[in-house]
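Only one structure is covered here, and it is reproduced in the block below.
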Amino acid sequence: MSEMERNTAVNTEYGGAEIQVLEGLEAVRKRPGMYIGSTSASGLHHLVYEIVDNAIDEALAGHCTEIHVTINEGNSITVRDNGRGIPVDIQPQTGRPALEVVFTVLHAGGKFGGGGYKVSGGLHGVGASVVNALSEWLTVQVRKEGKIHEMSFSRGNITKEIAVVGDTDTTGTTVTFMPDAEMFDTVEYDYETLHTRMREQAFLNAGLRITIEDKRSGREQSHTMCYEGGIREFVTYINKNKTALHEEVIFVSGAKGDSTAEIALQYHDGYNETIVSFANDINTPEGGMHETGFKAALTRVLNSYGLKYGMIKENDKVSGDDCREGITAVISVKLTEAQFEGQTKAKLGNAHIRTLVDNLISDQLMAYMEEHPQVARMILDKALTANRAREAARRARESIRRKSALGGAAMPDKLRDCNENNPELTELYIVEGDSAGGSATDGRDSRFQAILPLWGKMLNVERVRADKIYGNDKLQPVIVALGAGLGEEFDVNKLRYHKVIIMADADVDGSHIRTLLLTFFFRYMRPLLEQGYVYAAVPPLYKLTRGKTTRVAFSDEERDRVSAEMRGDNLNAKVDISRFKGLGEMDPSELWETTMDPTTRTLKQITLEDAIRADETFTVLMGEKVEPRKAFIEEKAKYAVNLDF
Ligand code: TSJ
């Protein structure tokens with residue numbers, strides 16, 4: 001029996017129900033990660049999404065056109081909509097006002113709670129009680145039938161029973177909550193994180209007007225987003241710094257039973273595939289049935305069109321990857337009882353959605369191509385060129401394989417390998433520059449630390465195809481040293497090191513190398529990021545010397561604190577502070593002690609999320625169009641050191 005059923009169906013006696021309610025919300029406070037994924041910044045932001053989802057449900061029901069999200073001074077959050085207002089009347093099952101039940105009864109399902117994802121009426125938005133349990137305080141106002149109703153809570157407990165506090169001639173719901181600092185690692189909201197999510201929700205719900213506003217002093221700003229074109233405009237947005245191959249975004253949509261699907265796509269002249277998919281407005285980065293149906297049908301349609309018009313011969317079909325080179329697609333499906341599967345519950349499992357999407361693409365994309373032969377020809381040409389390049393890449397790969405088979409373990413000349421063979425114990429430092437590489441080689445513990453220096457200008461992976469990457473003298477050593485292949489053939493089980501540590505200076509060049517390597521991993525070795533094998537070394541910024549004592553600092557604050565500590569009571573003592581100009585400047589023992597010794601160093605793990613967030617950085621920085629790149633660099637130049645990841 002689900003939590004909700006237990007709470008509502010069995011306990012008709014008020015006392016019993018109240019105990020269950022407290023037990024339910026207590027469970028949330030005991031194991032918050034179960035309900036919001038984690039108690040890091042990601043979980044903190046999740047609180048906002050849970051509340052906003054409820055307002056979006058009201059929009060999906062056709063009763064709400066505007067949602068306003070505010071970060072208040074002190075990091076409380078206000079979400080306001082112009083819907084009908086949460087019902088305030090007494091619920092027969094519980095004998096309590098519906099509004100109270102929404103905030104005090106733990107609902108069944110949810111993305112992280114396990115079990116199905118079923119809510120009567122709306123598609124999602126069950127988490128108001130979870131947010132309430134994790135808030136130091138929360139106040140809700142409902143404007144309905146001429147009255148303003150208000151109720152307040154603290155850590156899930158009622159502090160102010162429902163009451164009418166005024167009159168109104170509007171309707172809607174306003175929730176303000178203060179995340180509980182006892183429950184989260186951080187309670188500082190990030191405007192850009194919320195902005196990005198709200199923009200995504202605005203794209204997914206065509207015509208819905210969402211405003212995000214920061215009221216914290218010194219960082220006041222706001223954005224209002226409303227896209228009449230929905231996911232068509234999402235595709236345009238993703239492609240904004242690319243050169244599209246056809247002007248119009250292709251749009252396909254339809255429904256079967258309770259399920260609906262919309263697909264928007266546009267090809268550009270680059271080589272990457274960007275497919276962003278959603279089920280019930282929830283991002284599904286692991287894909288699932290909607291993506292599977294899309295890919296299968298796309299390949300089939302392109303081949304059958306090509307065959308029909310003599311561009312493709314029967315024995316020379318183009319592959320799925322060929323058909324997706326340079327594609328940007330957004331897939332959005334809506335269904336009741338969505339099944340989320342996979343490691344992070346981010347993969348859609350409902351098989352009937354595959355059939356729905358497949359049928360829509362088969363019928364409507366084929367019809368579109370018949371009606372737009374110029375666009376169709378352009379797409380087919382693109383797939384055929386991709387097919388030829390893939391053949392060339394395969395030949396290049398085989399020649400590398402043959403070479404390494406002949407030369408035994410043909411590791412790159414520049415690689416200073418370690419003695420240990422067990423990848424679980426080994427680390428590869430990818431180091432910028434030969435001199436830093438030298439210090440790292442001398443300073444390392446060669447039992448388990450390998451060094452690979454990279455130097456000179458790196459290849460811009462955004463602009464090249466796989467065959468060029470194999471042949472590239474900068475990237476090939478990285479591929480060979482890691483030993484796990486590349487692209488579709490990448491096999492994380494063959495990885496030779498389970499820590500891949502990027503060590504570059506905290507300056508513009510270092511940032512460039514980091515971004516390029518990350519782009520490369522993101523495009524061609526994604527499991528490396530997904531499974532958490534990639535790290536950034538964190539070298540110190542300052543060196544402080546007093547007499548024979550030397551210490552280092554990683555930030556300006558630490559520099560000031562350490563300097564004060566070194567001075568101690570002796571206010572006139574001279575503490576010499578110098579800025580590390582670069583890794584190459586450190587001697588081997590300094591580099592070991594500050595940056596490489598596992599017992600004292602700091603490593604920053606680079607996650608797929610970091611990479612996805614950086615995606616815009618690389619498309620803007622590495623994309624083909626010069627203007628946005630120039631503007632971006634000029635705008636960010638002053639932050640260059642923080643710009644990476
Ligand atoms: F739940 C919540 F606190 F998270 C929340 C809910 C937060 C915000 C900002 C908005 C909402 C919300 C809920 N907005 N609109 C609604 N609508 C209803 O709950 C509602 C209203 C009327 C009826 C009806 O059948 O008359 C049914 C529902 C579910």
Side-chain angles (χ1 to χ4, degrees), residues 4 8 21 24-25 28 35-36 45-72 76-94 96-111 113 118-135 137-156 158 160 162 168 170-179 194 197-198 201-202 205 208-213 280-282 336:
M4 173 151 68
T8 57
V21 162
L25 295 196
V28 177
Y35 299 88
I36 52 163
H45 290 79
H46 204 89
L47 299 182
V48 183
Y49 311 155
E50 288 287 350
I51 296 295
V52 169
D53 279 355
N54 283 275
I56 289 179
D57 273 349
E58 185 73 352
L60 286 171
H63 299 289
C64 158
T65 56
E66 288 198 31
I67 300 175
H68 200 115
V69 179
T70 311
I71 310 176
N72 304 304
S76 67
I77 296 283
T78 299
V79 182
R80 186 179 80 228
D81 75 14
N82 66 348
R84 291 167 295 177
I86 303 176
V88 291
D89 47 355
I90 302 287
Q91 244 201 358
Q93 304 102 307
T94 53
R96 307 299 304 161
L99 181 68
E100 177 183 319
V101 174
V102 165
F103 283 93
T104 54
V105 176
L106 188 58
H107 290 64
K111 236 204 304 190
K118 185 165 90 182
V119 196
S120 61
L123 293 164
H124 40 49
V126 289
S129 61
V130 170
V131 177
N132 193 21
L134 299 176
S135 293
W137 52 262
L138 180 149
T139 293
V140 53
Q141 279 198 346
V142 171
R143 301 179 299 284
K144 209 177 171 76
E145 290 154 8
K147 301 280 176 221
I148 304 173
H149 308 260
E150 194 178 273
M151 185 164 192
S152 299
F153 308 84
S154 173
R155 302 192 164 101
I158 299 170
K160 206 169 145 260
I162 188 166
T168 178
T170 65
T171 67
T173 304
T174 304
V175 172
T176 302
F177 67 91
M178 175 65 83
L194 294 180
R197 169 78 175 214
M198 293 310 128
Q201 293 301 319
N205 296 281
L208 176 61
R209 179 177 302 275
I210 306 184
T211 299
I212 165 94
E213 183 177 8
N280 295 347
D281 291 349
I282 297 162
T336 50

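Both ligands and their constituent atoms are indexed starting at 1 by order of listing.
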Only counting residues at least two apart or in another chain, list the ones meeting ring-ring contact (aromatic ring centres under 6.0 Å, His included) with F177.
none
R84: partners by side-chain contact (heavy atoms from CB on, under 4.5 Å), with sequence neighbours left out
E58, A61, H63, K144
Would the number of heavy atoms belonging to other residues, nucleotides or ligands and lying under 6.0 Å from CZ of R155 be above 12?
yes
Please examine the side chains of F103 and M151, heavy atoms only from C-beta on, and report whether any two atoms are closer than 4.5 Å.
no
Looking at residues at least two apart in the chain, or sitting in another chain, which of them share a side-chain contact (heavy atoms from CB on, under 4.5 Å) with N82?
C64, T65, E66
Heavy-atom check, side chain of I162 versus side chain of E100, under 4.5 Å
no
Table of N or O contacts for ligand 1, cutoff 3.5 Å:
unit_1   : atom_1 : unit_2 : atom_2 : d
ligand 1 : 14 (N) : D81    : OD2    : 2.6
ligand 1 : 15 (N) : D81    : OD2    : 3.4
ligand 1 : 17 (N) : E58    : OE1    : 2.8

